[in-house]
Q: 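The structure's right below; bear with me while I get my questions together.
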Amino acid sequence: MTGNDAALKITSLIKKIPRGRVATYGQIAILANRPRNSRQVGAVLKSLPAGSGVPWHRVVNSHGRISDRSHSASEGLQRCLLESEGVELNETGRIDLNVFQWRPRRR
DNA sequence: GTTATGACCCAAA
DNA sequence: GTTTGGGCCATAA
């Protein structure tokens with residue numbers, strides 16, 4: 001086994017997120033068998049190469065809000081992509097996780 | 001090998 | 001609603 005299977009696992013899971021649906025960092029961490037690695041999910045996404053096929057825009061924090069990245073205007077892009085897929089944002093700029101959160105094995 | 005940083009989460013004040 | 005403190009571990013230098 002390689003040592004970077006964690007990143008592969010995370011990216012693999014995010015790739016499985018259906019269109020028009022979102023997942024939280026904690027969710028991905030749990031699905032990756034790492035309940036306390038929510039931070040690493042962000043670390044992996046940050047280091048993702050462009051065009052890796054990973055819909056990072058479908059990953060939000062537990063508050064259903066867009067992650068506050070240090071720099072870059074990707075947050076605006078993320079919201080645009082989400083709305084483009086049918087995900088609606090609240091007046092507070094939050095996503096209704098009750099409706100749009102991805103539910104694996106149950107749909 | 002070590003150190004520093006961080007696209008997070010949770011609990012408490 | 002905001003702020004503070006603790007924890008977890010991958011990535012980069």
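Because only heavy atoms are used, hydrogens play no part in the values below, and waters and symmetry mates are left out as well, while side chains stay in. Just so it is clear: chains get the letters A, B, ... in the order the sequence lines come, proteins before strands, and each one is counted from 1. Please read these numbers as outputs of a predicted model, since none were measured by experiment.
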Q: Do nucleotides 8-13 of chain B as a string where each nucleotide becomes B, S or -: B if the base has a protein heavy atom under 4.0 Å, S if just the sugar-phosphate does, - if no protein is that close.
A: BSS---

Q: Any side-chain heavy-atom pair from A:V59 and A:V54 closer than 4.5 angstrom?
A: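 No. Closest side-chain heavy atoms not under 4.5 Å.
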
Q: Are side-chain heavy atoms of A:R19 and A:R58 found at a separation under 4.5 Å?
A: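 SC-SC contact between A:R19 and A:R58 confirmed.
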
Q: Select base, sugar-phosphate, or nothing to describe what A:A29 touches, counting heavy atoms under 4.0 Å on all strands.
A: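 Counting heavy atoms under 4.0 Å across all strands, no contact is made by A:A29.
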
Q: When the distance from CD1 of A:I95 to C1' of B:dA7 is rounded to whole Å, what number comes out?
A: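 The distance from CD1 of A:I95 to C1' of B:dA7 comes to 14 Å, rounded to the nearest Å.
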
Q: Expressed as a whole number of angstroms, how long is the span from A:K46:NZ to B:dA4:P?
A: 16 Å

Q: Return the value, rounded to whole Å, for the distance between atom CG of A:L13 and atom P of C:dA10.
A: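 Value for this atom pair: 15 Å.
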
Q: In the structure I gave you, are the side-chain heavy atoms of A:W102 and A:L31 within less than 4.5 Å of one another anywhere?
A: yes

Q: Whole angstroms only, please: what is the CG-C1' distance between A:N37 and C:dA10?
A: 8 Å

Q: May I ask you to test the A:V41-A:V44 pair for a side-chain heavy-atom distance under 4.5 Å?
A: no

Q: Should the heavy atoms of other residues, nucleotides or ligands under 6.0 Å from CZ of A:R69 be counted, would the total exceed 12?
A: yes

Q: Contact class for A:R94 vs. all strands (heavy atom < 4.0 Å): base, sugar-phosphate, or nothing?
A: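 Sugar-phosphate, no base atom in range.
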
Q: When you measure from the side chain of A:R36, which nucleotide among C:dC8, C:dT11, C:dG1 comes out closest?
A: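 Nearest nucleotide to the side chain: C:dC8.
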
Q: Of A:Q78, A:R79, A:E85, which meets side chain to side chain donor-acceptor pair (under 3.5 Å) against A:H57?
A: A:E85

Q: Using whole Å, what does the distance between atom C1' of nucleotide C:dT11 and atom CG of A:L8 come to?
A: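 It works out to 14 Å between those atoms.
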
